[in-house]
Amino acid sequence: MITLARNRLDFRFAEVHGDAGCGISFQRTLRIPDDENDYPLPPGLGRFPLRHLDDFAGRVPETWVKRGGVIMPMHQAEAMWLSFGGGYGHYPCAVKVATGKIDAVTGKSWVEQLNGDPQDYLVLPEQPWLDGYCVEEGVIRQFIAMPLGEGYSAEEQITGKAEHGGLQIIVYPMKAERYEEMRKRFRTISSAFDMAGAFEGTRISQGSEDMGLAPGGRMRQQIYDDPFGLDAWDQDHFSRCFVTIANSTVWAAITGERPPTTPPTAADYTRAGLPWFDYYGGDAKALRGAEVLAKLKTVSETGARKGDMPLPENEPVDVERIVSLRGRRSQVVRETEF
Amino acid sequence: MTHFGDHLRQRREALRKTDRRYSLRQVAQRVGIEPAYLSKIERGDLQPPSEATTLRLAGELGEDPDVLLAMAGKVSSDLQAIIRKRPKLFADLLRQLKQAPDHAILTVVREVRDGDW
C-alpha cells in the first residue's frame, strides 16, 4: 500500500514483511546549465508538495482522475530529483521510474515487471537518489519539467506522442526470506492564498496543463547495478503510483495553495558560496546508460530547433565548493533546506 | 527523560563510528544549539529540547520525527492542530483504535489510489 505523509510517498508491504517498504519524495533543486559540461550534484531545496489527486477530482481533467495517484506542482523549466529512503530505510526494494511511461534507466516503454538485461530498475537503499535519465555510465541528464505537447519531453521524442506525461513509479520489495537470510548474515543494525473558491466547480480543460519531463544538463551520478539479482525481488507484491505534474498556475487553481517559489539559478546559488555535492557509493558497480536516452535532444537543443529560448539563465557555472558525501546519512545532508 | 537522552547518544555515537561529523560538537552546531546543552540532554540532566530542536535532531540523525517527539514526551503541533479542529471525532477514533493491532490500524489509513494507466 502507498500512503502520503509529509509530502512523501510511503510504500509498505506488511503482507511481505513487517520491515518491508520505502519512502520516495521529490526534491526541489537548481537547474544545472544545459551545456556539454558535467556538473556535480545540486542541493535539495525542500520537498515538492504532493496531494491525493482524488481530493480535486471535480476540478481536474477526467483523464487525470482515471490515473489516480498524486499531483505535484512544477514551474516550467524547473528541475527535480527523486529522494529515496526515510521511514523504512533498511529494507531493500527494487524501484522502476518512468517519465511519460518511458523508463528513465533504459529508455524503453513502460512494462511493470523487472528486467535484468538491461537492468531497468534501481535498488534501494544503495541508490540514494535519482536526478535524471541514465545516459552513460556515471552520467545522467537532469529531469526538467516542460509542457507536454511541445516536443521537449523524453516521451514525445521517443514515441512521437504526447500521451501520458508525469512520472510513474512501481516498487517491489525484496523476498522476505532473502531479507531474513541477509539480516542474519550481516546482523544489520536495528532496528495559500484563497483562490480555491473562485475556481469552485470549474474543471480545468486538459491540454497545456499537463507537464512532462525532458532531459536537461549533464550531471555526474551513478545508477547502481543490482547486487542481489532478479531472483531476490518479490514480484508477486508491488505498489505503483502515477504522479501527475501540474504547472504552477494550474496547481494554484486546483488546490488553492501557493506553489513553492522558483528556485535560485545555479549561478546565483554558486555565487553565494553554497555547496554542490559529490557522492561515492563505494565499490558498487554502475550501469552503462541507455543509448536511446543519450540520443535525446536536450531542452535547449529542442528549443534552438524550434527557435525558442526555453531555458533562461543557462550560462555555464564554475563550481568551486563541492562537498563529498558517503554512506546512508548523505541523504540528510543533501536534502538540507536552504 | 533518561530514555530520550540515552537514545539520542546511542544513535549519534553509532553514526560517529563511521563519520566524524557526528561528534557532539558538530551535531550541536548543525542543529543550532550549544554542545554543552546537547551533552546535558544526552546525559538526562536536562529535559528534552523544544519541538523545533527535536525535529532538527531527528532530521540530523535520520530518526522518525514522531517517534523522537514521543520519546521526548511530546506530540507534534500539526497533530495537535488536527485533533483541535475536530476534537470529538479524532478523540473517539484514537480511543477506539487504542488496542487495535498495527495491521488493523493500517486498514483505516488513507491509501493513494492507483488508477488505470
Side-chain angles (χ1 to χ4, degrees), chain A residues 1-6 9-12 14-15 18 23 50-55 57 62-71 85-90 98 101 110 163-166 168-170 189-191 238-244 323 325-333 335-337, chain B residues 3 6-23 26-27 29-32 51-52 54-71 75-79 81-82 100-117:
Chain A
M1 71 185 298
I2 310 173
T3 54
L4 194 51
R6 294 195 179 88
L9 294 169
D10 280 339
F11 292 76
R12 269 182 270 222
E15 68 283 18
L50 296 175
R51 302 286 178 265
H52 289 273
L53 195 101
D54 284 346
D55 290 355
E62 274 168 27
T63 46
W64 292 12
V65 180
K66 206 169 141 213
R67 302 162 180 166
V70 295
I71 183 168
Y88 309 87
H90 307 298
K101 295 183 76 171
W110 175 262
E163 201 176 351
H164 306 291
Q168 298 77 33
I169 295 172
I170 188 164
I189 33 161
S190 68
S191 26
F238 61 86
S239 286
R240 48 168 231 167
C241 185
F242 196 111
V243 182
T244 293
V323 174
L325 302 173
R326 279 165 211 274
R328 281 201 311 118
R329 297 270 49 84
S330 307
Q331 199 74 2
V332 178
V333 179
E335 282 184 30
T336 299
E337 302 206 10
Chain B
H3 185 46
D6 276 348
H7 180 81
L8 219 56
R9 192 182 63 247
Q10 280 169 16
R11 178 74 182 146
R12 186 182 56 72
E13 290 291 338
L15 290 166
R16 195 174 67 98
K17 277 185 188 154
T18 52
D19 191 339
R20 279 183 301 173
R21 294 182 307 112
Y22 289 92
S23 69
Q26 290 199 41
V27 169
Q29 194 182 22
R30 289 198 296 274
V31 170
E51 179 178 341
T54 306
L55 292 178
R56 283 201 298 275
L57 278 166
E60 189 60 43
L61 301 174
E63 293 280 271
D64 184 279
D66 288 320
V67 172
L68 204 62
L69 278 172
M71 284 180 142
V75 174
S76 77
S77 42
D78 69 311
L79 292 180
I82 292 169
D102 289 3
H103 67 84
I105 291 176
L106 285 176
T107 60
V108 300
V109 302
R110 185 173 180 199
E111 277 191 67
V112 173
R113 180 180 63 85
D114 186 22
D116 185 13
W117 49 272

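Below, read A as the first sequence line, B as the second, and so on, with proteins coming before strands; counting in each chain starts at 1. It should be emphasised that the depicted structure is a prediction, and the values quoted were computed from it without experimental measurement.
Counting heavy-atom pairs closer than 4.5 Å to chain B, the top-ranked of the candidates A:Arg240, A:Met1, A:Lys66 is A:Arg240. The greatest number of non-hydrogen atom pairs below 4.5 Å with chain B, out of A:Arg6, A:Lys101, A:His164, is found for A:Arg6.
Ion pairing between a basic and an acidic side chain is recognised when a charged N comes within 4.0 Å of a carboxylate O; A:Arg12 and B:Asp102 show no such pairing.
Residues A:Trp110 and A:Ile169 share a closest heavy-atom pair of CH2-C, 4.2 Å.
Every residue meeting the side chain to side chain donor-acceptor pair (under 3.5 Å) condition with A:Asp54, not counting sequence neighbours, appears here in chain and number order: B:Arg113.
Proximity to chain B is limited to the side chain of A:Leu9, based on heavy atoms less than 4.5 angstrom apart.
Relative to the six-membered ring of B:Tyr22, B:Arg11 misses at least one condition, a distance below 6.0 Å or an angle of at most 45° to the axis.
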